[in-house]
Enquirer: 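For reference, the structure I am asking about is given below.
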Amino acid sequence: MLTDAHHRIIDYVRLSVTDRCNLRCTYCMPENMHFVQRKALLTDDEILRLLQTLATAGISKIRITGGEPFLRPGLMALLEKIKAIPGIREIAITTNGVLTQAYIPALQQLGITHINLSLDTLQADRFLQITRRNRFTAVMDTLQSLLQHNMQVKINAVVMENVNTDELNAFTALTRDNALSVRFIEEMPFNGQGHTFSGIVWNYHKILSTIGGNYTLQKIVDAPHSTSLNYHIPGHKGNIGVIPAYSRTFCGTCNRLRISATGSMKTCLYGNDVLNVKEMMRDELQQHLLLPAIQSAIHARFANGFEAEQHHTEKNMESMSVIGG
């Protein structure tokens with residue numbers, strides 16, 4: 001098993017399969033984003049070799065992210081091969097929903113039913129403001145199709161002051177008649193805009209307090225390693241959750257690695273890249289050292305995101321799209 005110095009077992013990998021996205025969300029990606037060339041990305045073969053190696057060390061859950069993962073050519077064929085890797089028990093996907101609808105039946109056939117949908121507003125004009133793209137209808141059609149196919153849907157909404165805080169109750173109302181989870185995420189400093197992030201006003205306490213002023217929130221048991229604090233509202237089919245992404249209350253149970261589309265590995269969202277797995281796999285002299293190098297990097301992981309941030313060598317945090325969602 002992959003274990004860090006703080007006795008946390010790592011069994012979950014968030015893997016970005018592309019740095020490209022068809023939206024330009026203001027908190028995630030600069031308008032004029034420069035994408036890498038295709039040859040700089042992990043190939044399908046490299047992804048499969050990497051995941052096979054990680055599976056032998058106890059990795060059992062994979063979340064496919066981007067950019068927008070459905071922009072990667074041949075993604076469904078790659079998912080089918082990942083599904084066949086011994087030891088991989090669950091594959092989940094995070095998507096913005098623009099292209100996803102057409103793939104839902106095939107995903108269901110593969111047994112990939114855990115879908116996180118990034119959606120920060122329920123208003124078409126505000127969607128255009130946030131994403132700089134006019135694709136609101138496509139995303140809402142995807143949401144309805146996911147629910148119709150009984151997929152396990154989590155809506156991820158980043159809560160931003162003076163942007164969408166007036167929609168907390170509208171998002172919560174979605175859980176009344178729909179068996180989905182709405183998760184409100186604290187804003188993070190990974191906006192890629194080149195300016196210093198000074199902190200947040202809308203932390204998880206304020207989010208819960210605001211929703212609690214209109215709904216009765218009943219705390220439910222959180223799943224092991226959950227990044228969200230989850231609540232049920234009597235009479236509702238779904239649930240809500242808050243993710244203290246900036247407050248970082250969940251670091252003590254973190255069980256994940258992040259690997260970017262270009263092979264950079266992070267052991268903490270707030271930390272530096274600690275290894276490039278693509279470079280090792282492309283170097284015949286280092287290929288056999290891949291797993292020991294990963295184990296060593298994990299063992300050196302900081303206790304929490306605050307320590308990792310203190311040791312971050314860059315003045316400004318990367319864009320979330322570069323990190324991999």
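These values consider heavy atoms only, across backbone and side chains, with no hydrogens, waters or symmetry-generated copies.
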Enquirer: Can T113 and Q108 be counted as having a side-chain donor-acceptor contact under 3.5 angstrom?
Expert: no
Enquirer: Say whether F35 and L41 are linked into one hydrophobic cluster, either directly or through other cluster members, by side-chain heavy-atom distances under 4.5 angstrom.
Expert: no
Enquirer: What class does the angle between the rings of F184 and F171 fall in, given that below 30° is parallel, 30 to 60° is tilted and above 60° is perpendicular?
Expert: perpendicular
Enquirer: Applying the side chain to side chain contact (heavy atoms under 4.5 Å, CB included) test to N239, which of I220, N230, V182, T175 qualifies?
Expert: I220
Enquirer: Is R72 close enough and on-axis enough to F70, meaning under 6.0 Å and within 45°, for cation-pi?
Expert: no
Enquirer: Going through the checks in order, is the side chain to side chain donor-acceptor pair (under 3.5 Å) test met by S260 and T262?
Expert: CA-CA 5 Å; S260 76; T262 56; 3.1 Å; yes
Enquirer: Without swapping roles, check the side chain of K266 against the backbone of G271 for a donor-acceptor pair under 3.5 Å.
Expert: yes
Enquirer: How about H311 and F302: are their ring centroids closer than 6.0 Å?
Expert: yes
Enquirer: Is it true that T100 and T142 share a donor-acceptor pair across their side chains at a distance under 3.5 Å?
Expert: no
Enquirer: For the side chain to side chain donor-acceptor pair (under 3.5 Å) test, which of T95, N22, T94 pairs with E68?
Expert: T95
Enquirer: Measure the CG-CD distance between L119 and E167 for me, rounded to the nearest 0.5 Å.
Expert: 8.5 Å
Enquirer: Could you tell me if the side chain of Y103 sits less than 4.5 Å from the side chain of M76, heavy atoms only?
Expert: yes
Enquirer: Any side-chain heavy atom of L54 within less than 4.5 Å of one from L2?
Expert: yes
Enquirer: Looking only at side chains, do T43 and D45 share a donor and an acceptor under 3.5 Å apart?
Expert: no
Enquirer: Could you walk me through whether V201 and T165 pass side-chain contact (heavy atoms from CB on, under 4.5 Å), step by step?
Expert: CA-CA 11 Å; V201 174; T165 54; over 6 Å; no
Enquirer: So among D4, T267, T3, which one has a side chain to side chain donor-acceptor pair (under 3.5 Å) with R301?
Expert: D4
Enquirer: Taking atom types as modelled, is there a side-chain donor on Q218 or H232 under 3.5 Å from an acceptor on the other?
Expert: no
Enquirer: Shortest non-hydrogen contact from F306 to S247?
Expert: CZ-O, 3.2 Å
Enquirer: For a side-chain contact (heavy atoms from CB on, under 4.5 Å) check, start with the C-alpha distance between R248 and N304, then their side-chain angles and the critical distance, and finish with the verdict.
Expert: CA-CA 8 Å; R248 286 161 265 189; N304 55 55; over 6 Å; no
